[in-house]
Amino acid sequence: MDGRLIYLMGPSGSGKDSLIDAARRRLQARGCEVARRIITRSAEAVGEDAIGVSREEFARRQQQGDFALHWHANGLDYAIPASIDQWLIAGRDVLVNGSRGHLNQARVRYPRLLPILLTVTDDVLRDRLLQRGRESLAEIEARLLRNRMFGDDEGDGRIHHLDNSGDLAATVEHLLSVLRISAEQDRT
C-alpha cells in the first residue's frame with residue numbers, strides 16, 4: 001500500500017517549523033519521513049531546515065522535473081523534491097511543509113493527501129511575526145488579513161485544524177493523534 005502525503009500548512013509564524021522539529025523523532029518512529037523544502041532564499045536565512053537555491057538553480061531543477069510540487073508565494077519559490085514519491089511508493093508516509101494556496105493542486109497529484117492546517121490566534125501570530133523581524137508592520141498586517149481570509153473557506157471537513165497558540169508539546173500530541181486516527185480510518 002502506498003504511503004500518504006501529510007500536507008502541513010499554515011501562515012508564516014504559526015510554528016510549522018517548530019512543530020516539525022518537535023515531532024520529527026516521533027514521526028520517524030512511526031514510519032513517517034519529513035521532506036525538506038527547496039526555497040529560493042539564502043541558505044543563511046533563519047528559519048526552517050530547507051535547501052536554499054538561487055532562482056536560476058530553482059528554474060533549472062524545475063525544468064528537469066526534480067520537483068513533485070512547486071509554487072510561488074511571498075516573493076519566493078518553493079518546491080518539494082520528487083524523491084518523496086519513492087518514499088510514498090515504498091509505503092512510507094511523508095510530511096511536507098506545504099502551501100495553503102497550492103492545496104488543490106497537491107490534492108490532484110496526491111489524492112490520499114492528508115491536509116493539516118496549523119492555526120494560531122491573530123495576537124499570537126502578530127507577536128511571532130514581530131519577534132521574527134522579517135517583515136514590516138504593513139506586511140505583517142497583510143499576512144494577518146490573508147490568514148483571516150483563508151480561515152474556513154475549506155469548511156468541508158477535509159482539513160484537520162491544529163491550534164498552535166499555546167503549548168507546543170500539546171500540538172505535537174494533537175498532530176500524532178490526527179495521524180493515528182486517520183491511519184485507522186484508512187484501514188476500515
Side-chain angles (χ1 to χ4, degrees), residues 1-37 47-50 68-71 73-74 78-81 84-85 87-89 91-126 128-129 143-188:
M1 175 154 110
D2 287 345
R4 287 176 308 161
L5 185 67
I6 301 159
Y7 196 81
L8 180 65
M9 58 196 153
S12 183
S14 63
K16 295 181 302 291
D17 300 320
S18 297
L19 176 61
I20 291 169
D21 288 344
R24 185 179 310 274
R25 283 189 180 172
R26 293 180 67 190
L27 289 168
Q28 290 172 336
R30 66 176 304 279
C32 180
E33 300 291 343
V34 177
R36 288 178 69 197
R37 290 196 299 187
E48 76 177 274
D49 180 22
L69 300 167
H70 58 87
W71 62 94
N74 304 311
Y78 297 83
I80 305 297
I84 69 166
D85 291 338
W87 286 331
L88 293 167
I89 289 168
R92 297 184 68 82
D93 288 345
V94 178
L95 184 138
V96 299
N97 184 341
S99 164
R100 294 176 292 174
H102 194 69
L103 175 60
N104 289 332
Q105 293 90 331
R107 278 181 163 156
V108 168
R109 181 166 172 132
Y110 300 99
R112 293 187 59 227
L113 176 146
L114 176 64
I116 299 175
L117 177 62
L118 195 61
T119 63
V120 292
T121 65
D122 277 355
D123 289 341
V124 169
L125 184 57
R126 182 180 289 106
R128 288 179 183 173
L129 292 173
R143 281 190 181 273
L144 291 168
L145 179 61
R146 277 195 313 272
N147 187 47
R148 278 183 235 116
M149 289 171 55
F150 185 80
D152 287 324
D153 66 348
E154 292 275 348
D156 58 11
R158 296 187 308 154
I159 296 179
H160 298 272
H161 291 245
L162 296 181
D163 183 2
N164 193 32
S165 300
D167 181 50
L168 181 59
T171 308
V172 169
E173 293 304 324
H174 191 184
L175 170 65
L176 297 172
S177 175
V178 166
L179 298 181
R180 185 175 51 256
I181 290 167
S182 176
E184 289 169 2
Q185 289 172 343
D186 276 358
R187 281 179 271 199
T188 60

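Remember, it's a predicted structure, so these values are computed and weren't measured experimentally.
- Contacts of Pro11 classified as side-chain contact (heavy atoms from CB on, under 4.5 Å), with partners at least two apart in sequence or in another chain: Ser14, Arg100, Leu125, Asn147.
- Residues passing the salt bridge (Lys or Arg N to Asp or Glu O under 4.0 Å) test with Asp93, sequence neighbours excluded: Arg4, Arg30.
- When all heavy atoms of Cys32 and Leu95 are compared, the closest pair comes out as SG-N, 3.8 Å.
- Screening residues 162-176 for salt bridge (charged side-chain N to carboxylate O under 4.0 Å, His left out), with sequence neighbours left out, gives Arg26-Glu173.
- Residues Val94 and Ile80 have side chains not in contact (no heavy-atom distance under 4.5 Å, counting atoms from C-beta outward).
- Taking CZ of Arg128 as the reference point, atom OG of Ser165 lies at 6.5 Å (rounded to 0.5 Å).
- Judged as a side-chain hydrogen bond (donor to acceptor under 3.5 Å, both in side chains), and not counting sequence neighbours, Ser18 has no contacts.
- Looking at residues two or more places apart in sequence or on another chain, you find a salt bridge (Lys or Arg N to Asp or Glu O under 4.0 Å) between Arg143 and Glu135.
- In this structure, Leu27 CG and Glu33 CD are separated by 10.0 Å, a value rounded to the nearest 0.5 Å.
- For the pair Lys16 (side chain) and Gly10 (backbone), a donor-acceptor distance under 3.5 Å is present.
- Taking 4.5 Å as the limit, some side-chain heavy atom of Ile159 sits within range of a side-chain heavy atom of Met9.
- Of the candidates Val34, Leu113, Leu5, Val96 forms a side chain to side chain contact (heavy atoms under 4.5 Å, CB included) with just one, namely Leu5.
- Within the structure, salt bridge (charged side-chain N to carboxylate O under 4.0 Å, His left out) contacts touching residues 115-125 (residues at least two apart or in different chains) are Asp122-Arg148, Asp123-Arg126.
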As a quick check of understanding, evaluate side chain to side chain contact (heavy atoms under 4.5 Å, CB included) for Asn97 and Leu8, giving each step before the final call. CA-CA 5 Å; Asn97 184 341; Leu8 180 65; 5.7 Å; no

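- With sequence neighbours left out, Thr119 forms a side-chain hydrogen bond (donor to acceptor under 3.5 Å, both in side chains) with no residue at all.
- In this structure Ser99 satisfies the side-chain hydrogen bond (donor to acceptor under 3.5 Å, both in side chains) test with no other residue, sequence neighbours excluded.
- The backbone N or O of Trp87 sits nowhere less than 3.5 Å from a side-chain atom of Arg92 that would complete a donor-acceptor pair.
- One finds the CG atom of Leu179 at 9.0 Å from the NE2 atom of His160 (value rounded to the nearest 0.5 Å).
- Leu176 CG to Ile181 CD1: the interatomic distance, rounded to the nearest 0.5 Å, is 11.0 Å.
- Applying the side-chain contact (heavy atoms from CB on, under 4.5 Å) rule to His174 yields the partners Leu162, Val178; only residues at least two apart in sequence or on another chain are considered.
- Of all the heavy atoms in Tyr7 and Ala106, the pair that sits closest is CE1-CB, 3.7 Å.
- Under 4.0 Å is where a charged nitrogen must lie from a carboxylate oxygen, and between Asp17 and Arg37 no such pair does.
- Sorted by first and then second residue, the ring-ring contact (aromatic ring centres under 6.0 Å, His included) pairs with a member in residues 91-121 read Trp71-His102; sequence neighbours excluded.
- The line from CZ of Arg112 to CZ of Arg107 is 14.5 Å long, rounded to the nearest 0.5 Å.
- For Leu168 against Ala22, the heavy-atom pair with the smallest separation is CD2-CB, 3.8 Å.
- With sequence neighbours left out, Arg180 forms a side-chain hydrogen bond (donor to acceptor under 3.5 Å, both in side chains) with no residue at all.
- Between Asn164 and Gly15, the closest heavy-atom pair is ND2-CA, 3.7 Å.
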